[in-house]
Amino acid sequence: FTTTKMAVFAGLLLLAVSAFAQRIQLEKGIPAPEAWQRGARTSAHQLVTLSFALKLSNAERLEKIFWDVSEPQSPNYGKHLSMAEVDKLTAPSSEAQRALAVWLEQSGVTAEACKPSQGRGFVVCAVPAATAEQMLQTEFHDYTHELWPAALARADGGYTVPAVVAPHLDFVGGVHRFPSFKLRPRIEAPAPIIGITPNVLRGRYNLTRSDVGSNPSNSQAVASFLNQFFSQADIKEFFHQFGNRFVHRDKIDKIVGPDPGLSGTEAALDTEYIMSLGANITTWFWSTKGERQGQEPFLDWIIAVGNTSGAPAVHSVSYGDDEYSLDVPFMSRVNQEFQKLGVRGISILFASGDDGAGCNASRTKFVPNFPASSPYVTAVGGTLFAHSGRDEDGNYISGGGFSNVFAQPSYQTAAVKKFLSTSTRLPAASFFNASGRAYPDIAAASNGFWVVVNRVPLPGVAGTSCAAPTASGIIAMLNDRRLNAGKPTLGFLNPLLYQNGNLLYDVVAGCNAGCGDGFCSQEGWDPVTGMGTPDFARLSTL
């Protein structure tokens, strides 16, 4: 180098170092939920998992395509993209990828410690806690919970990133956010009709003996978090006890993630009932780890599904958290991941929650549940059978209300407007955001379920965790009909459901809980049971 060139090089190097020295706060501190106990500082050598969420390219284009392929009146309805096409559309810019790579290298993080997602929207790195603290200018402590198997490393306060990297990141996962235990099935007294079994549900939702899967390309999945696992022996025993009137499979076809074969009530419920309503359809069990260094299990799951070509076309998810406890950038990015799945023709159904409308500590506001409050998923509320065993009422636990973050999407504005203008038992306006995304979208039975756990029949299982796999299995059966007729899978369901409410059973009685009272069911859409419960025979005409 000449003296001039060396001076220029030194100046550029100084600028680069200076650029990475300037910091911007990416997220503020989030208080740990009360049930999580803060312990000692995380050991410097303890590995923690950080997920760098690089901003997606063409986000507006992605959302436009999402609505275009999901709107039944669109000429492009059902013209879904492949995973490769979605990844090509949304891959972060080369500038974003380069900025992150330089920062990681300068921080001593090797390429071997990191794994990018298929579309490069996430880069997941396992790094020592000391390195994570230096990179993010924060401190990690160990947190414990009676339901979590080991200590979980989390940062106490906010964190910063270099100014040159900040414009390219939505958030860093594994720093904040704790696993949520809000949606766990409860045990109640059996329902008035001696308990809910597959035959009861198939009768109520109008599936005949011949309504079983037959298309080899069709598949469905349940997501499992928080170390909930299933047992193939339980499934076999369940169908021996309760599956004598329809053709079914006796085991899960594919397991993604860990499953030691132990029995858990949640996993048993999910697998046994999605396989009962979506009978004889290829079924996946998708679980996430519960390790010490692991990040949010929900984030693990959504990254994994986005990485998987040929992922099932229907996913039942019983997981959620208080909307206010999550950062908007995190929820917004999760919404983009939902859009990516919908564009691929994948239906995501979430249990709407078991706290009714919810209530804050001061009992002045309802508390929405996310992801049920996302405009880009189908939220499934809960019903219970009336004493006749023929009709359904809204269940008081059924999660439902209005988002405080996301605007009301156009597919539901007319239905929600009608509810707000005609309800005779509407809570005070100060309790909820009437212009927010309203949920649930549909509902299904949610109490008195029989499941088999440890090969023993267990009655009285309740919660919207019952409703989600029930509705999901029916959607998978609709996909089976469509695939056999040469049609595409349903993908994102909501525009279709709101435009065809006459094809659902309308639930007109029952209220959910809130700060005392919540909302009440009535004709049409309501924040307890949505548009109603499925009628397979009528829905299969679509």
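Quick caveat: nothing in here was measured; it's all calculated off a predicted structure.
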Student: So, taking the atom named CG in L299 and the one named OG1 in T49, what distance separates them when rounded to the nearest 0.5 Å?
Tutor: 10.5 Å
Student: Checking the side chain of K55 only, and the main-chain atoms of P92 only, is there a donor and an acceptor separated by less than 3.5 Å?
Tutor: no
Student: Between R154 and H176 (side chain of the first, backbone of the second, donor and acceptor by atom type, cut-off under 3.5 Å), is there such a pair?
Tutor: yes
Student: Quick one, T308 and W286 - any side-chain contact, counting heavy atoms below 4.5 Å?
Tutor: yes
Student: May I ask you to decide if G530's main-chain N or O and D441's side chain share a donor-acceptor pair within less than 3.5 Å?
Tutor: no
Student: How long is the span from the OG atom in S521 to the CZ atom in F419, to the nearest 0.5 Å?
Tutor: 8.5 Å
Student: Under a 3.5 Å distance rule, please check whether T464 uses its side chain to pair with a backbone N or O of G381 as donor and acceptor.
Tutor: no
Student: Quick one: list whatever passes salt bridge (charged side-chain N to carboxylate O under 4.0 Å, His left out) with R538, sequence neighbours left out.
Tutor: D535
Student: Show your working on side-chain contact (heavy atoms from CB on, under 4.5 Å) between N369 and D355 and close with a plain yes or no.
Tutor: CA-CA 9 Å; N369 184 283; D355 295 323; 5.8 Å; no
Student: Please check if the side chain of Y159 supplies one atom and the backbone of V172 the other of a donor-acceptor pair under 3.5 Å.
Tutor: yes
Student: So do the side chains of F122 and R333 get within less than 4.5 Å of each other, counting heavy atoms only?
Tutor: yes
Student: Is L50 close to V175 at the side-chain level, that is, under 4.5 Å between some pair of heavy atoms?
Tutor: yes
Student: Run the numbers on W525 and K418 for side-chain contact (heavy atoms from CB on, under 4.5 Å), then give the verdict.
Tutor: CA-CA 8 Å; W525 180 88; K418 179 183 177 183; over 6 Å; no
Student: Determine the sole option in D393, D526, V528 for which the side-chain contact (heavy atoms from CB on, under 4.5 Å) test with S398 is passed.
Tutor: V528
Student: Could you please spell out the steps behind the side-chain contact (heavy atoms from CB on, under 4.5 Å) verdict for Y273 and C466?
Tutor: CA-CA 8 Å; Y273 279 89; C466 301; over 6 Å; no
Student: Walk me through whether L478 and F536 qualify under side-chain contact (heavy atoms from CB on, under 4.5 Å).
Tutor: CA-CA 8 Å; L478 293 172; F536 175 77; 3.5 Å; yes
Student: Would D68 and S74 count as having a side-chain donor-acceptor pair, cut-off 3.5 Å?
Tutor: yes
Student: Would you mind reporting whether L341 and H315 have side-chain heavy atoms less than 4.5 Å apart?
Tutor: no
Student: At their closest point, which heavy atom of V405 faces which heavy atom of M331, and how far apart are they?
Tutor: CG2-CE, 3.9 Å
Student: Within the 4.5 Å heavy-atom criterion, are R437 and S374 side-chain neighbours or not?
Tutor: no
Student: Is there a donor-acceptor contact under 3.5 Å linking the side chains of Q137 and Q25?
Tutor: no
Student: Just checking F366 against F431, ring centres under 6.0 Å apart?
Tutor: yes
Student: Taking the ring centre of each residue, are F298 and F370 less than 6.0 Å apart?
Tutor: no
Student: Are the aromatic ring centres of Y439 and F406 under 6.0 angstrom apart?
Tutor: no
Student: Counting neighbours of CD on E523 that are heavy atoms of other residues, nucleotides or ligands and sit closer than 6.0 Å, is the number greater than 12?
Tutor: no
Student: How close do S224 and F285 get, heavy atom to heavy atom, and via which atoms?
Tutor: CB-CZ, 3.3 Å
Student: Below 4.5 Å, heavy atoms only, C-beta onward: do I475 and L490 meet side chain to side chain?
Tutor: yes
Student: Considering non-hydrogen atoms only, spot the tightest contact between D156 and R38 and give its length.
Tutor: OD2-NH2, 2.8 Å
Student: To check you understand the geometry: which heavy-atom pair defines the closest contact between Y205 and T383, and what is its length?
Tutor: OH-OG1, 4.2 Å
Student: Please report whether the ring centroid of W36 lies less than 6.0 Å from that of Y143.
Tutor: no
Student: Quick one: does D270's side chain have a donor or acceptor within less than 3.5 Å of a partner on P469's backbone?
Tutor: no
Student: Side chains of F338 and F492: closer than 4.5 Å at any heavy-atom pair?
Tutor: no
Student: Determine whether a donor-acceptor pair (N or O, by modelled atom type, separation under 3.5 Å) exists between the side chain of Q336 and the backbone of L56.
Tutor: no
Student: Sorted by first residue and then second, give each side chain to side chain donor-acceptor pair (under 3.5 Å) pair with at least one member in residues 338-349; sequence neighbours left out.
Tutor: E337-K340
Student: Check whether T160 reaches the backbone of I24 with its side chain - one donor and one acceptor, N or O, closer than 3.5 Å.
Tutor: no
Student: Compare every heavy atom of P312 with every heavy atom of S219, then report the nearest pair and how far apart it is.
Tutor: OG-CA, 3.1 Å
Student: Counting only heavy atoms from other residues, nucleotides and ligands, does the tally under 6.0 Å from CG of D517 exceed 12?
Tutor: no
Student: Do Y324 and N404 make a side-chain contact, defined as non-hydrogen atoms from C-beta onward lying under 4.5 Å apart?
Tutor: no
Student: Verify, without hydrogens or angle tests, whether S57 (side chain) and A91 (backbone) share a donor-acceptor contact under 3.5 angstrom.
Tutor: yes
Student: Could you tell me whether the side chain of D354 and the main chain of G463 form a donor-acceptor pair under 3.5 Å?
Tutor: no
Student: Please determine, by modelled atom types, if S472 and Q220 share a side-chain donor-acceptor pair under 3.5 angstrom.
Tutor: no
Student: When rounded to the nearest 0.5 angstrom, what is the spacing between CG in N494 and OH in Y376?
Tutor: 11.5 Å
Student: Between E27 and R177, does at least one N-O distance fall below 4.0 Å, as a salt bridge requires?
Tutor: yes
Student: How long is the span from the CG atom in L539 to the CG atom in L503, to the nearest 0.5 Å?
Tutor: 5.5 Å
Student: Which atom pair, heavy atoms only, marks the closest approach of T489 to G345?
Tutor: OG1-O, 2.8 Å
